[in-house]
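As the structure is a prediction and not an experimental result, all values here were calculated from the model.
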Amino acid sequence: QLKLEDYKDRLKKGEALNQDQLEAVEKYDEVVHNLEFAKELQKTFSGLSQDLLKAQKKAQRRESLLKLEAEKKKLRTILQVQYVLQNFTQEHVQKDFKSGVNGAMYLPSKELDYLIRFAKLTCPERNENL
């Protein structure tokens, strides 16, 4: 564009230009228009790029939140199962299941023993002082 402006100024001052330079001066307005169009296009692409980055970040945050919620749900389930299993290690609960009383269903001793062993393997001992 600077070169074309120089040709245009030289032509106004009356200098003689060769054929290529004259053709370039004739196309000055077209070149300026194309440059402005390219600038606008670049701005549009830049804006679209920023929008895409924002959308990607938003999707990543949403995905992270969904993963976190899924992990919380898993942990809640594990803790609930551990709580139920720990109850099987208490004597009064074992008696209720062996007899099928106090809302507990009857469990044969062998099955109850399996649950008690499983509870001891999967539920760490808690220090009540902590």
Side-chain angles (χ1 to χ4, degrees):
Q1 184 178 358
L2 292 175
K3 198 172 195 180
L4 289 177
E5 286 176 4
D6 180 53
Y7 290 161
K8 203 173 180 184
D9 289 342
R10 286 171 47 193
L11 189 61
K12 282 182 185 177
K13 291 178 185 176
E15 286 185 38
L17 301 175
N18 66 35
Q19 186 61 33
D20 289 342
Q21 292 170 333
L22 287 172
E23 287 175 12
V25 169
E26 287 176 12
K27 295 186 180 188
Y28 176 80
D29 290 335
E30 184 181 335
V31 169
V32 169
H33 174 73
N34 287 339
L35 285 173
E36 288 173 6
F37 177 72
K39 286 178 185 176
E40 289 299 318
L41 199 58
Q42 189 271 337
K43 285 180 187 177
T44 301
F45 284 141
S46 179
L48 289 173
S49 176
Q50 292 299 320
D51 291 346
L52 180 61
L53 285 173
K54 287 178 187 176
Q56 284 176 334
K57 287 179 182 178
K58 192 174 184 179
Q60 286 174 340
R61 280 194 301 270
R62 187 171 49 245
E63 187 177 320
S64 294
L65 287 174
L66 288 174
K67 283 182 182 179
L68 182 61
E69 285 302 314
E71 288 297 318
K72 285 181 182 178
K73 188 176 180 180
K74 262 192 247 180
L75 184 57
R76 262 194 307 273
T77 302
I78 289 169
L79 292 174
Q80 288 170 345
V81 169
Q82 281 185 335
Y83 175 76
V84 170
L85 288 173
Q86 283 175 340
N87 283 323
F88 282 107
T89 62
Q90 298 176 20
E91 264 187 63
H92 72 279
V93 173
Q94 293 172 18
K95 286 179 185 176
D96 289 347
F97 277 95
K98 285 179 184 176
S99 306
V101 294
N102 294 327
M105 61 182 270
Y106 168 75
L107 284 177
S109 292
K110 189 175 184 180
E111 289 182 22
L112 191 57
D113 287 341
Y114 288 145
L115 283 172
I116 294 166
R117 278 193 254 156
F118 184 66
K120 288 179 180 176
L121 289 172
T122 57
C123 301
E125 290 290 322
R126 289 189 179 182
N127 184 344
E128 299 299 327
N129 296 326
L130 295 177

Extract all donor-acceptor atom pairs below 3.5 Å that involve side chains of residues 64-76 and protein atoms in other chains or at least two apart in sequence.
{"unit_1": "S64", "atom_1": "OG", "unit_2": "Q60", "atom_2": "O", "d": "3.0"}
{"unit_1": "E71", "atom_1": "OE2", "unit_2": "K74", "atom_2": "NZ", "d": "3.4"}

For Q82 and T122, work out which heavy atoms get closest and say how close.
NE2-O, 3.2 Å
Taking only residues two or more places apart in sequence, or in another chain, which ones meet Q80 in a side-chain contact (heavy atoms from CB on, under 4.5 Å)?
none
Any chance you could measure Q94, atom CD, to S109, atom OG, to the nearest 0.5 Å?
9.5 Å
Quick one: side-chain hydrogen bond (donor to acceptor under 3.5 Å, both in side chains) partners of N102, sequence neighbours excluded?
D96
Quick check: are there more than 12 heavy atoms from other residues, nucleotides or ligands sitting under 6.0 Å from CD of Q56?
yes
What distance separates E91 CD from K98 NZ, expressed to the nearest 0.5 Å?
8.5 Å
Who else is in L112's hydrophobic cluster (ILVMFWY, side-chain heavy atoms under 4.5 Å, direct or via others)?
V81, V84, L85, F88, V93, F97, M105, L107, L115, I116, F118
Mind listing the side-chain donor-acceptor pairs of residues 41-50 below 3.5 Å, one per line with the distance, residues two or more places apart or on another chain?
{"unit_1": "T44", "atom_1": "OG1", "unit_2": "E40", "atom_2": "O", "d": "2.9"}

Test side-chain contact (heavy atoms from CB on, under 4.5 Å) applied to K13 - qualifying residues, sequence neighbours left out
none
Check whether any side-chain N or O of Q21 sits under 3.5 Å from a backbone N or O of N18 as a donor-acceptor pair, and report yes or no.
yes
